[in-house]
Amino acid sequence: MTAQRLLAWPKQASLEARNIVLGVIKSHNEPISTRDLFKKAVNVPPPPGANGEPLTPWARHLRNTTPAPPYPDHPIRSINYLKHTVLEDLVRTRDVKKVHIKRVLSPAEIEQRKATMSRAQLKKTSVEALSQPVSSWMWQLVVDKSNEPSSSRAAKKDKREEAALGGAEVVGVGEDWGHLNRRRRRAREEKVARDVKWVRKVQRARASEKLPMTDFTEIS
């Protein structure tokens, strides 16, 4: 008997939940918000036998005496379970990552935001203000670089060398990483430092190629 069977709602990411979330993100072809991910995930039919281990009498009693999640019979039973269990587990296994983007809200999202505002807020907020780009955290798959086509890797290398021609500013020196947490900010700064080192190496190599060659036949 596992400890999870003593809980009304197991607090671990099931294989079925992981596969559903990965499938939704993969089919979306672009970063997706947590809310949209949840809406799509709960519409995916659960595979046969996705209910996991049979419940113990104690766990069954807990389920009968505590509020049920919105989708008790689905592998993605609630948005909290998706956010704090499934997605965190997928981040831990490096299957997905969170990316920060700026985007314009869709008409439906604007109406949804207006519906949550008070009358006083609506009077102060114009349609133009709601149409401005907003910062959002989205989810996308982590690309396995070992399986990346060689042509794609070559294109990235060319882009990196092209950035080297423009100087260190191109690779992110001086950019503001304040929106990242401490761990991600440190990782980003280390990456920038590596890129700067690469830039300087390429610049030195290109400079040496432009130096005039010495004619050793003239040396006595």
Side-chain angles (χ1 to χ4, degrees), residues 1-103 105-106 108-110 112-113 115-117 133-144 177-191:
M1 179 187 299
T2 64
Q4 292 293 326
R5 290 186 60 195
L6 298 176
L7 301 174
W9 305 102
K11 299 183 182 300
Q12 64 182 9
S14 67
L15 178 61
E16 294 81 9
R18 284 172 53 93
N19 288 340
I20 287 175
V21 171
L22 288 173
V24 171
I25 296 177
K26 184 177 181 180
S27 65
H28 201 253
N29 295 325
E30 60 183 13
I32 184 173
S33 68
T34 304
R35 187 173 298 278
D36 288 341
L37 176 57
F38 178 69
K39 289 180 181 179
K40 292 178 179 293
V42 295
N43 286 321
V44 177
N51 292 328
E53 297 180 272
L55 294 175
T56 63
W58 174 248
R60 191 178 300 109
H61 167 73
L62 289 178
R63 284 201 180 186
N64 293 333
T65 56
T66 56
Y71 299 88
D73 298 323
H74 195 277
I76 309 296
R77 59 178 181 259
S78 70
I79 193 167
N80 282 335
Y81 176 69
L82 170 65
K83 290 170 61 176
H84 302 299
T85 302
V86 182
L87 286 171
E88 286 187 3
D89 188 62
L90 290 171
V91 169
R92 180 183 61 80
T93 56
R94 298 183 180 180
D95 289 296
V96 303
K97 63 180 179 180
K98 216 173 189 179
V99 292
H100 181 256
I101 65 172
K102 285 191 175 183
R103 65 187 184 93
L105 297 177
S106 67
E109 289 174 319
I110 291 177
Q112 185 178 12
R113 176 165 293 190
T116 63
M117 299 170 66
V134 296
S135 296
S136 302
W137 286 101
M138 315 285 273
W139 296 98
Q140 70 178 29
L141 295 179
V142 173
V143 177
D144 185 356
W177 310 116
H179 61 281
L180 301 177
N181 61 36
R182 184 181 301 175
R183 180 177 61 83
R184 293 179 179 274
R185 184 165 62 249
R186 183 170 61 250
R188 188 66 60 87
E189 289 171 350
E190 290 174 354
K191 180 182 182 301

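Keep in mind that what you see is a predicted model, and the values were worked out from it rather than measured.
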### Task
With side-chain contact (heavy atoms from CB on, under 4.5 Å) as the test, would you mind laying out the steps for Tyr71 and Phe38 before giving the verdict?
CA-CA 11 Å; Tyr71 299 88; Phe38 178 69; 3.7 Å; yes
What's the spacing between [X] [atom1] and [Y] [atom2] if we round to 0.5 Å?
X     : Y      : atom1 : atom2 : result
Lys83 : Thr34  : NZ    : OG1   : 6.5 Å
Lys39 : Asn43  : NZ    : CG    : 10.5 Å
Ser14 : Glu16  : OG    : CD    : 4.5 Å
Arg18 : Leu90  : CZ    : CG    : 4.5 Å
Leu87 : Trp139 : CG    : CH2   : 4.5 Å

### Query
Going by atom types alone, do Asp95 and Thr93 pair a side-chain donor with an acceptor below 3.5 Å?
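Yes, side-chain donor-acceptor contact under 3.5 Å.
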### Query
Among Ile32, Ile25, Ile76, whose side chain to side chain contact (heavy atoms under 4.5 Å, CB included) with Lys40 holds?
Ile32
### Query
Which of these, Lys98, Lys26, His28, Lys97, sits in a side chain to side chain contact (heavy atoms under 4.5 Å, CB included) with Gln140?
Lys97
### Task
Please name the pair of heavy atoms, one in Ile20 and one in Ala41, separated by the smallest distance, quoted to 0.1 Å.
CG2-O, 3.8 Å
### Summary
In terms of heavy-atom contacts, Ala17 and Pro75 come closest through CB-O, 3.8 Å
### Thr85 side-chain N/O to Leu82 backbone N/O, donor-acceptor pair under 3.5 Å
no
